[in-house]
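Everything on this sheet refers to the single structure shown next.
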2 protein chains.
Amino acid sequence: MAAIRVFEAAARHANFTSAAEELGMTQAAVSYQIKGLEQRLGVGLFVRARGRVALSEAGRLIAGQVSGAFDALDEAFGRLREEDESLLRISTFNSFAAQWLAPKLGGFQLAHPGLAVRLDNSEDPVDFARDDIDVAVRGGFGDWPELRVEFLMRVLFAPMASPSFISQHGPLDTPGQIRASRLLSPDDTWWPRWFAGAGLSDPPPPSRGGIRLDSQPLEGAAAMAGQGVAILNPVFWRAELADGRLVQLGEAMLGNRGIWLVCPEHKRNAAKIKAFRQWIAHEVANDPDAATLTAPARSGPSVTLPK
Amino acid sequence: MAAIRVFEAAARHANFTSAAEELGMTQAAVSYQIKGLEQRLGVGLFVRARGRVALSEAGRLIAGQVSGAFDALDEAFGRLREEDESLLRISTFNSFAAQWLAPKLGGFQLAHPGLAVRLDNSEDPVDFARDDIDVAVRGGFGDWPELRVEFLMRVLFAPMASPSFISQHGPLDTPGQIRASRLLSPDDTWWPRWFAGAGLSDPPPPSRGGIRLDSQPLEGAAAMAGQGVAILNPVFWRAELADGRLVQLGEAMLGNRGIWLVCPEHKRNAAKIKAFRQWIAHEVANDPDAATLTAPARSGPSVTLPK
DNA sequence: GCGAGCCATAAGCTCAGCTTATCATCGCCG
DNA sequence: CGGCGATGATAAGCTGAGCTTATGGCTCGC
């Protein structure tokens, strides 16, 4: 196999020395490989005459096609590299994608017109070894030793409801009033933590068989439709809060988890990764709600933030 | 390079184990090669999931073209083998080719219709390392240690002239009369040896500036045209002697050289070589004039044969 | 005749690539 | 559920293919 690669170069150069140079080996190695190939085939590929080599009849017969085959291989791997360089596969979780990343991603696309972007959403953290993913945004504590980790923002959460729900079921000014109202996804772990942070030490009432929606976008949509109070990340619902479709009830709490940008170590210097990292860091810095405090310590306490 | 070959097989099988089987290696080796290739490329070629492997997006992108390239290589080398197997390149010297081999070669062609035959003629012994030759017929003593050697026949020589020359310049019944006539290629080494064998111990007269033709066919043609007496191998001029265009003068002498079939050791078992060897041995055996005595000893004495 | 190019060969080293052995995982089936 | 068969990953260790360096021989041009 290696011998064929050597033959291809030698045939093109009609000169073992310069073929060796192209291949980054010595002339002796080329001679050795060609000799071996000829012996295995039982056919002379080159004629040695007057201190030179030239393709023999047999060599001439195959040289073209062999070169063509290597061109095809080069092209295939070239395409692979190109494809790889020009496609950024991002894995993230639904709420982040839908409520934060997707609306901003157009700007990234504009800044990097040659780069195709594909978003893969999954609540489960992506396995880089299993799936063809370049970079992921995931929540947690940044403790992924195999991966290159970059802190993006802390997780915030606060109860939210639509103005119509508040006017129908309000007032919802105190934590107690909120706890007594209709909670969406009442078994969400954020609820007890928020109530605890708000000073209600007794546990919330057991789930009243309330609606359990699987992702924040759906909970937000339900809340906006006046179906109850959802506990959501204000960072993700900035637009809805701004135009009044949602109203934040009480203070936002700072979770002990963070949102991180991660990628496999070996890809950390790929141009597309660097571009994305740079862009997203800038977007985070420019997001007035993304609380870019220091990264959370493992199982640090929840922190209350002013509304 | 080897890794690409492994990738090609693994991609086709979508199964490392059976790919390893096809390649005659172990599953571990396939796994190792694929892993190395992926690392060098920085791209996953397979996705490992649920104890199986499947081509990743990247792998799928190139698998087809890679397989195609290998097909092209296989085809090229297949053509080479086929070409090599279906073409027999024979090197021989002019007189043998023109006066003995060529007229019989049609029979070989008939017996082996799939085999193309090419005759390369040269008075100099062929260099198998230099030229693309499968088999050669050459004169000498059979002492070519690098080659597979097979004895064909002894060399004979006898003076010959055309009937018209004899009637004009005859009689040419005794060696002395012949020596006094017009000799073609008078400096041919066969002349003194033939005269010596015929009992004339004194050297032949010095070259009278006579015609020096370079090959036996030309000498024979000159003799048939009545231009003088040529010393020729009766085996090669059987037809001309039979139909009277040439007349043999005196006895034929057995030279100490032989005519041999030779081929490179490594080709001795090639089908086309075996076929030719078998055919030519049969032709020699059936040639009533080819004196198939034992092979000559190195510098053995000339032997006189009855006319 | 001499030097520059080029290829073949010899000797020797080194690590890529293999094997063997073992483990982990998954799917299947009783 | 638990054992089994199939499949891959991984570790450890060996070995010879394939390299390098060094040299010699040949041919050509000056």
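In what follows, every chain begins at residue 1, and chains take the letters A, B, ... in the order their sequences are listed.
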The helix from C/dG1-D/dC30 to C/dG30-D/dC1: angle between terminal helix axes, five bp per end, to the nearest 10 degrees, reads 30°
From CG of B/L45 over to C1' of D/dG8, roughly how many Å is that when rounded to an integer? 16 Å
If the cut-off is 4.0 Å, is B/N15 near the phosphate of D/dG8, judged by side-chain N/O to OP1 or OP2? yes
Between A/T26 and D/dT20, is there a side-chain N or O to OP1/OP2 distance below 4.0 Å? yes
If each of B/A14 and A/R52 is mapped to the nucleotide of DNA chain D with the nearest heavy atom, which maps nearer the 5' terminus, i.e. the 5' end? B/A14
Anything under 3.5 Å between a donor and an acceptor, one on a side chain of residues 26-37 of chain B, the other on a protein residue two or more places apart or in another chain? List them.
from: B/T26; atom 1: OG1; to: B/A29; atom 2: N; distance (Å): 3.3

Salt bridge flag under 4.0 Å for residues B/K267 and B/D134: yes
Scan for ring-ring contact (aromatic ring centres under 6.0 Å, His included) pairs involving residues 6-29 of chain A, sequence neighbours excluded, and state none if there are none. A/F7-A/F46, A/F16-A/F46
Using whole Å, what does the distance between atom P of nucleotide D/dG16 and atom CD of A/Q33 come to? 17 Å
Take atom CE of A/M25 and atom P of D/dT21, then tell me their distance rounded to the nearest Å. 13 Å
Any salt bridge (Lys or Arg N to Asp or Glu O under 4.0 Å) involving residues 58-76 of chain B? Give me the pairs, sequence neighbours left out, ordered by first then second residue. B/E75-B/R79
I need the CE-C1' distance between B/M1 and D/dC19, as an integer number of Å. 18 Å
Set of salt bridge (charged side-chain N to carboxylate O under 4.0 Å, His left out) partners for A/E57, sequence neighbours left out: B/R118
Quickly work out the B/R5 CZ to C/dG17 P distance and round it to whole Å. 15 Å
Contact letters for nucleotides 9-14 of chain D, in which S counts primed atoms plus P, OP1 and OP2 and B counts the base, heavy atoms under 4.0 Å: BB----
Ignoring hydrogens and angles, state whether a donor on the side chain of A/N256 or A/R193 is under 3.5 Å from an acceptor on the partner side chain. yes
CG of B/L23 versus P of C/dT19: gap in Å, rounded? 10 Å
Report yes if the side chains of A/E22 and A/R12 come closer than 4.5 Å at any heavy-atom pair, otherwise no. yes
How close or far is atom C1' of C/dG17 from atom CD1 of B/I4, stated in whole angstroms? 16 Å
Surrounding CD of B/E21 (heavy atoms of other residues, nucleotides or ligands, distance under 6.0 Å), is the total greater than 12? no
Going by the angle between their ring planes, with limits at 30° and 60°, are A/F96 and A/F93 parallel, tilted or perpendicular? tilted
